Amino acid sequence: MATSLGSNTYNRQNWEDADFPILCQTCLGENPYIRMTKEKYGKECKICARPFTVFRWCPGVRMRFKKTEVCQTCSKLKNVCQTCLLDLEYGLPIQVRDAGLSLKDDMPKSDVNKEYYTQNMEREIMNSDGTRAVGALGKATSTSDMLLKLARTTPYYKRNRPHICSFWVKGECKRGEECPYRHEKPTDPDDPLADQNIKDRYYGINDPVADKLLKRASTMPRLDPPDDKTITTLYVGGLGDTITETDLRNHFYQFGEIRTITVVQRQQCAFIQFATRQAAEVAAEKSFNKLIVNGRRLNVKWGRSQADRGKEKEKDGTTESGIRLEPVPGLPGALPPPPAAEEEAASANYFNLPPSGPPAVVNIALPPPPGIAPPPPPGFGPHMFHAMGPPPPFMRAPGPIHYPSQDPQRMGAHAGKHNSP
């Protein structure tokens, strides 16, 4: 519906003049000192075809310049960004948001009906306070668990990168590092994400990005409760440095009585123990993949039993509070398991002698030394050796001696006792 400025059929009063655009955090960029150029009535809106004020800016270093694509009236009707046309609350395409909220917004697409509808909605926006959306989106009051799971909570600045250099793909780019475009291999042309239309995204039909997200939502994992009924503890990860115990208690108290909350700041996680198993199951169901505290998405899992936790601590070397201890250099490692009987016998062959049968034991009666009476028969009389003297070396009690210091006959105390005058 592009018309000249002097056309009598066009109402110039409906042209839009704004002081600042309606943008999401990703399109705005991470630079707080951003500079924009403002062109009054620079282009026509790609949805309603009315002239509007165009803003142009660079969201960051090595990023491409971006500009507003639709007018603010069309942006407020759908509560979307003027540049990327993604929902300002969830950061999702309009088709995904409408599917999660069960909305069916039948906007007219013909020129005359579209202009009439836009004028009525603009009048409704002027009469409202500006804090709530208008139309079918403003009447939707319920929230969707699917939207909370798919919602993006942190900006995705990678989306602002420059486009791929077509000359580099053909091998003809001579700019080198000064080229403002990306020198990367393009994606597969058969990829459905490579063919996107701004009108399809706005009206929520045939959007390949939305189809991909809806398929991901259908195959999203679930958090099943453990079989051990004594487990009433939930693990909450990804706390960061800003989330405290009070923030967690303010969220989880609605599900039931909380027994203890243990925050491990070093690992940025917490353990929340409920008084009953039913409260823990309700908290896990309501918080899994959709818990957002202070703008951060938190990971919720079931805790483990004491037996499993003890086994894992032995393997990982963690303390009872969950703090992982760093290994101390210079200390010996863990002892190896005891060898089997056959391995022990094989390892005792220090001289690599050939294997042989068990040695034959021959009892040879030696004559007693001169001056000593012959020993009595076994079981009668005193011991075989004199009580004051040590037994001969060849008659010592059997047993392996691993180290010389374990031999009582070689210890300094006995040697000094017998050699003293």
Side-chain angles (χ1 to χ4, degrees), residues 1-24 27-28 38-56 66-144 147 151 196-207 209-210:
M1 188 181 170
T3 58
S4 62
L5 297 180
S7 176
N8 296 327
T9 60
Y10 200 87
N11 188 4
R12 187 163 181 166
Q13 295 179 357
N14 293 329
W15 293 8
E16 182 184 276
D17 184 14
D19 296 329
F20 197 82
I22 302 176
L23 302 174
C24 62
C27 293
L28 189 61
K38 174 182 176 182
E39 186 179 2
K40 193 174 182 179
Y41 311 138
K43 284 192 175 183
E44 64 178 19
C45 176
K46 294 186 177 181
I47 303 300
C48 64
R50 295 188 306 169
F52 73 105
T53 303
V54 178
F55 294 88
R56 189 173 182 269
K66 309 192 77 172
K67 60 183 179 64
T68 53
E69 304 291 346
V70 298
C71 64
Q72 293 195 4
T73 302
C74 296
S75 173
K76 293 177 182 178
L77 287 178
K78 295 284 190 175
N79 192 31
V80 295
C81 173
Q82 282 188 264
T83 301
C84 63
L85 298 188
L86 295 180
D87 185 77
L88 294 175
E89 183 178 358
Y90 301 103
L92 299 173
I94 298 176
Q95 184 176 349
V96 178
R97 184 200 62 189
D98 293 349
L101 298 178
S102 300
L103 294 179
K104 189 176 180 181
D105 193 3
D106 296 331
M107 290 185 60
K109 299 180 182 180
S110 61
D111 295 340
V112 178
N113 293 335
K114 183 167 52 177
E115 184 176 356
Y116 176 74
Y117 179 83
T118 303
Q119 291 179 0
N120 292 337
M121 289 294 103
E122 193 172 21
R123 190 180 304 110
E124 185 177 348
I125 291 173
M126 293 177 61
N127 296 331
S128 63
D129 55 357
T131 59
R132 293 188 58 184
V134 296
L137 182 60
K139 300 177 183 178
T141 57
S142 61
T143 58
S144 174
L147 296 181
Q196 301 184 27
N197 190 354
I198 188 172
K199 289 190 176 181
D200 291 342
R201 170 168 293 186
Y202 185 82
Y203 291 113
I205 55 174
N206 301 327
D207 189 357
V209 179

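Nothing here was measured: the structure is a model prediction, and the numbers come from that model. Positions are given from 1, in the same order as the sequence printed here.
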Query raised in the report: Should Tyr90 and Val96 count as side-chain neighbours, where that means a heavy-atom distance under 4.5 Å?
Result: no

Report task. Mind telling me whether Phe55 and Phe20 have parallel, tilted or perpendicular rings, with 30° and 60° as the class edges? Result -> tilted

Report summary line: When rounded to the nearest 0.5 Å, the distance separating CD1 of Ile47 from CZ of Phe52 is 10.5 Å

Report summary line: Those residues at least two apart in sequence (or on a different chain) that pass salt bridge (Lys or Arg N to Asp or Glu O under 4.0 Å) with Lys40 are Asp17

Report summary line: Closest heavy-atom pair, Thr53 versus Ala18, reported as atoms and distance to 0.1 Å, is OG1-N, 3.5 Å

Report summary line: In this structure, CD1 of Ile22 is separated from OG1 of Thr68 (nearest 0.5 Å) by 10.5 Å

**Report entry** Under 3.5 Å donor-acceptor, Arg97 side chain and Lys78 backbone
**Finding:** yes

Requested in this report: Could you give me the CA-CA distance, side-chain angles and deciding distance for Asp200 and Ile205, then say whether side-chain contact (heavy atoms from CB on, under 4.5 Å) is met?
Outcome: CA-CA 5 Å; Asp200 291 342; Ile205 55 174; 4.0 Å; yes

**Report entry** Separation of Lys76 NZ from Gln82 CD (nearest 0.5 Å)
**Finding:** 9.0 Å

**Report entry** Gln72 side chain vs Glu16 backbone, donor-acceptor pair below 3.5 Å
**Finding:** no

Query raised in the report: Where the side chain of Arg201 meets the backbone of Cys84, is there a donor-acceptor pair that is under 3.5 Å apart?
Result: yes

Query - Any Gln95 side-chain heavy atom under 4.5 Å of Asn206 side chain - result: no

Query raised in the report: Does a side-chain heavy-atom distance below 4.5 Å link Asn197 with Tyr203?
Result: no

Query raised in the report: Given side chains that start at C-beta, do those of Ile94 and Asp87 come closer than 4.5 Å, heavy atoms only?
Result: no

Query raised in the report: What's the spacing between Ser75 OG and Leu85 CG if we round to 0.5 Å?
Result: 8.0 Å

Query raised in the report: Measuring from Glu69:CD to Cys74:SG, what's the distance to the nearest 0.5 Å?
Result: 12.5 Å

Query - Gap between atom CD of Glu39 and atom NZ of Lys67 - 0.5 Å precision - result: 10.0 Å

Query raised in the report: Between Glu44 (side chain) and Arg50 (backbone), is there a donor-acceptor pair under 3.5 Å?
Result: no

